[in-house]
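The block underneath contains the structure these notes are about, expressed in structure tokens.
These numbers come from a predicted model, not from an experiment. Chain identifiers are assigned alphabetically (A, B, ...) following the order of the sequence lines, protein sequences preceding nucleic acid strands; residue numbering begins at 1 within each chain.
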Amino acid sequence: MTAVDGDQVANDSYDAHTLQEKWQARWAKENPFAASEDPADDRPRSYVVDMFPYPSGDLHMGHAEAFAIGDVVARYRFQLGENVLHPIGWDSFGLPAENAAIKHGTHPAEWTYANIETQAESFHRYGISFDWSRRLHTSDPEYYRWNQWFFLRFRERGLAYRKDGLVNWCPKDQTVLANEQVVQGRCERCGTEVVRRTLNQWYYKITEYADRLLEDMAQLEGKWADEVLTMQRNWIGRSQGADVRFAIEGRDEPVTVFTTRPDTLYGATFFVVAADAPLADELCAPEQREAFEEYRAQVAKLSDIERQSTEREKTGVFLGRYAINPVNGDRIPIWAADYVLADYGHGAIMAVPAHDQRDLDFARKFGLPVRVVVETGEADPNDSGVATAGEGKLVNSGPLDGLSKSEAIPRIIEILAERGTGEGTINYRLRDWLLSRQRFWGTPIPIIHCPSCGEVPVPDEQLPVLLPDDLRGADLAPKGVSPLAAADDWVNVDCPECGGPAKRDTDTMDTFVDSSWYFLRYCSPHEENAPFDRDAINKWGPVDQYIGGKEHAILHLLYSRFFTKVLYDMGMVEFTEPFTRVLNQGQVINQGKAMSKSLGNGVDLGAEIDKYGVDAVRLTMLFAGPPEDDIDWADVSPAASLKFLNRAFRVMVQAGEASQPGVDPAEGDLALRRATHQTLDKVTAAVEAQRFNVAIARIMELVTAARRAIDSGPGAADPAVREAAEVIAITLSLVAPYVAEEGWERLGHRGSVAIGNWRTPDPALLVQESVTCVVQVASKVRDKLEVAPDISAEELERLALASEKVRNFIGDRQIRKVVVRAPKLVNIVVG
RNA sequence: GGGGCCGUAGCCCAACGGCAGAGGCGGCGCGUUUAGGUCGCGUACAGUGCGGGUUCGAAUCCCGCCGGCCCUACCA
């Protein structure tokens, strides 16, 4: 729909849809955004990646914002004349495809690839500057075979392993979930309460890289959002402390606990083991067996939500056994409780109720002793019920008495080390990455289980292990084991080692594996002998600018960082961090709330584009505010964006009709020329700073200045008007590519405006003849002076003091100080 | 409970520690128009959530509150 229907201005107004078709066809033919692999091409290289979409349907408003932002970054680099790699692909494995297949009795690939086509077409329409020749889909065998290849390499390096573990299990999706996929005790995908189960699962040993993931963040400081770095730091959760071994009565082996407060060891008055850990079961004395079993059953019934609810009273049961404090020989009772987590530290703790609130709550509930060992000057926890954690002198602590906390910690670690009952250590909150999924639409794990040879890797030359294509619909319905287990022909194979009958592993990999390295594949997407070409990735990588939502601040970004470091260790890449800069755009919301079906506040991207055109929608997204902020669609006006684009378009058309390309701008109106060059300067700065809303505001000002020059200034034929119109086309091309291309053509240019046309402002036109200097008396503005930009401080001070207005305000007060910030400000401090 | 981000006109948002207002929406007015819309021009509207502090000078830096959002959550 155009803004105008049929009167005399129709020919200077634009029809978005006509332009879209015209320029799409042109771009499809000329492929202007293809990255060059010519070794002789010595232009600076730039690698810009948008987080690839999951093909859940057509593109939505969130995609529109994210990709509009990424496109400004990429198009700016194109305009600078750089060799830009700006690829696109699809994260096309995952649950929804399987659910759709079950519903429609089809194969997940049908739904997936149909949606990919829809999205690809929408991307074309949306005018994103992709190099389409590098398109990839993670569900293609030529992609996922390399997930399998990486798995085997990781396994060789001891970074992929299997273990029994308590896992998060989603009863609805019938699959395990990674910790990262459990949100407040619920399945991230379907919202069902997660329960805990013991299963034998594959893991990637990300914990081995915990320190490097932490340390290398120094490289990212200032280039990633602080918020994201903080979230990752917290997620990794490094904490320094000590392992302490407690002997157990009637058991040969001691039990180790981790503590961050080894200095309070003399205050340990009981010992707690996670109720759901095997250790609790093992330590339980026969006479307490019944009570323990009952308690354990009660704990197992709790969902994570109930278990995690705050202000829950402490529960637990005495196990009838005792541990021996290694420093003072105290015999302390061992309890089982659910406030101790089985999978953190060693699943057991020494409880120091005087100085840990949780332990104190437990002690008070069960009448266990509380012994103060740090004198902090606070109320006695025995009376107050509040554990003390402040600084103070150690008491009741033998050799530690009189020491401060910071002196006592190294001392006790020394003592423990001498006796061989402990040592300083570091513990992490980060857990290993649970890889296995009992679902169909993912990468099969390339392992064969042989009754005689055990766990046998699929030989590289047999990769990829393809998904069977005859499973569809009901075959895929969740049964608690992978659907692949039902594909007999697929499961039963000969053992690669002994040739005997064996079975394939029937689990598939977490799809976060797919997204952990796709940005490496883009550099050589057709490589057949390796996941990627080493030279290609080291030429393009790491990604200069990565763009995506902060919902992936922990998961995807952490896994990608981990993968990159492993590949660095394997000698496959020369960098240790995958993304030099990351920009996390906000969400598009409506009326203060996330768009959702239940609220009925969804806005359809296709409908918005039909109504206002691509350029207006993109402009609206970018002008709404800084890219990190959420956009409330109720607060913005695509209609106003369209009005502006029409205004800009008319300026370009009128300038194009009134003059020819190549006229000498030096002969044009000086005031407009200054405005044009100021705009160039400011737009460049704003784009560099990723303040796209500000950049657009500057372009708007230039359009207004050009409008006035045409209507009530030197007129449309003035060379300065042409110069302004060309700068409008060039700068606008980052945001509104269709109008910019058409305007450029109407200005008499052939070829695309989008590549290598950015201009550098003429410094001579940026210097002002005079600036306004503010003269303050006691910090209040009392006069303004027009002065030369290069005026000296002395001269400025003299002029300010000479001002009659200023002198009046000073009156008979004493001048105590004169602050001069030439050429813009003088502040006269009076006393 | 812990950590982080944000509060500027009716609304969305700008402002290297230096005149609080760049831009837009929405108002209002004038012109164009038979009229509406479009188009052009012009206007009004806040003293920066609250209280302290640092400074010649604070929306900006620091501390404490209030309000909103996000992350994390019995991690020993």
Could you give the distance separating [M] and [N] at their [atom1] atoms, to the nearest angstrom?
| N | M | atom1 | value |
| --- | --- | --- | --- |
| B:rG29 | B:rA15 | C1' | 29 Å |
| B:rG49 | B:rA14 | P | 15 Å |
| B:rU60 | B:rU48 | P | 10 Å |
| B:rC19 | B:rC28 | P | 33 Å |
| B:rG24 | B:rU43 | P | 13 Å |
| B:rA59 | B:rU8 | C1' | 7 Å |
| B:rU32 | B:rG40 | C1' | 8 Å |
| B:rG23 | B:rU33 | P | 29 Å |

Whole-Å distance separating the [atom1] atom of [X] from the [atom2] atom of [N]:
| X | N | atom1 | atom2 | result |
| --- | --- | --- | --- | --- |
| A:W633 | B:rC11 | CH2 | C1' | 16 Å |
| A:L558 | B:rU72 | CG | P | 13 Å |
| A:Q654 | B:rC39 | CD | C1' | 11 Å |
| A:M231 | B:rC69 | CE | C1' | 13 Å |
| A:R233 | B:rG2 | CZ | C1' | 16 Å |
| A:D632 | B:rC69 | CG | P | 14 Å |
| A:I696 | B:rC25 | CD1 | P | 13 Å |
| A:N234 | B:rG1 | CG | P | 18 Å |

Nucleotide nearest [X] when distance is taken to its side chain, options [options]:
| X | options | result |
| --- | --- | --- |
| A:S637 | B:rC19, B:rC25, B:rC39 | B:rC25 |
| A:W235 | B:rC19, B:rC74, B:rA73 | B:rA73 |
| A:R707 | B:rG18, B:rG40, B:rA22 | B:rG40 |
| A:S779 | B:rA76, B:rU38, B:rC56 | B:rC56 |
| A:V694 | B:rG40, B:rA14, B:rC39 | B:rA14 |
| A:P626 | B:rC70, B:rG40, B:rC13 | B:rC13 |
| A:A640 | B:rC56, B:rC25, B:rG23 | B:rC25 |
| A:E227 | B:rC71, B:rG18, B:rG4 | B:rG4 |

Give a yes/no on whether any side-chain N or O of [X] is located under 4.0 angstrom from OP1 or OP2 of [N].
| X | N | value |
| --- | --- | --- |
| A:K817 | B:rC56 | yes |
| A:R429 | B:rA73 | yes |
| A:R708 | B:rG42 | yes |
| A:N827 | B:rG18 | no |
| A:R650 | B:rG40 | yes |
| A:S239 | B:rA76 | yes |

Sugar-phosphate, base or nothing in reach of A:K682, heavy atoms under 4.0 Å: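 Nothing, no nucleic acid heavy atom in range.
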Using a strict cut-off of less than 4.0 Å between a Lys/Arg side-chain nitrogen and an Asp/Glu carboxylate oxygen, indicate whether [X] and [Y] qualify as a salt bridge.
| X | Y | value |
| --- | --- | --- |
| A:R245 | A:E423 | yes |
| A:R431 | A:D343 | yes |
| A:R707 | A:D711 | yes |
| A:R698 | A:E701 | yes |
| A:R233 | A:E227 | no |

Identified pairing partner of [N], criterion: Watson-Crick or G-U wobble below 3.5 Å:
| N | value |
| --- | --- |
| B:rU48 | none |
| B:rC5 | B:rG68 |
| B:rC19 | none |
| B:rU60 | none |
| B:rG40 | B:rC30 |

On the side chain of [X], is there an atom forming a donor-acceptor pair with the base of [N] - under 3.5 Å, no angle test?
| X | N | value |
| --- | --- | --- |
| A:D635 | B:rC12 | no |
| A:R691 | B:rA14 | no |
| A:Q776 | B:rG18 | yes |
| A:K314 | B:rC74 | yes |

Closest-nucleotide ordering on RNA chain B, the 5'-leading residue of A:E701 and A:V781: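 Nearest nucleotide further toward 5': that of A:V781.
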Upstream residue (5' side of RNA chain B) when A:D356 and A:V829 are each assigned their closest nucleotide: A:V829
Chi class for B:rG27: syn within 90° of 0, otherwise anti: anti
Ring centres under 6.0 angstrom apart (A:W433, A:Y559): yes
A:F366 and A:F270 aromatic centres sub-6.0 Å: no
Donor-acceptor pair between A:T260 and A:S239 side chains, under 3.5 angstrom: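 No, no side-chain donor-acceptor pair sits under 3.5 Å.
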Contact check, side chains of A:K784 and A:V775, non-hydrogen atoms, under 4.5 Å: no
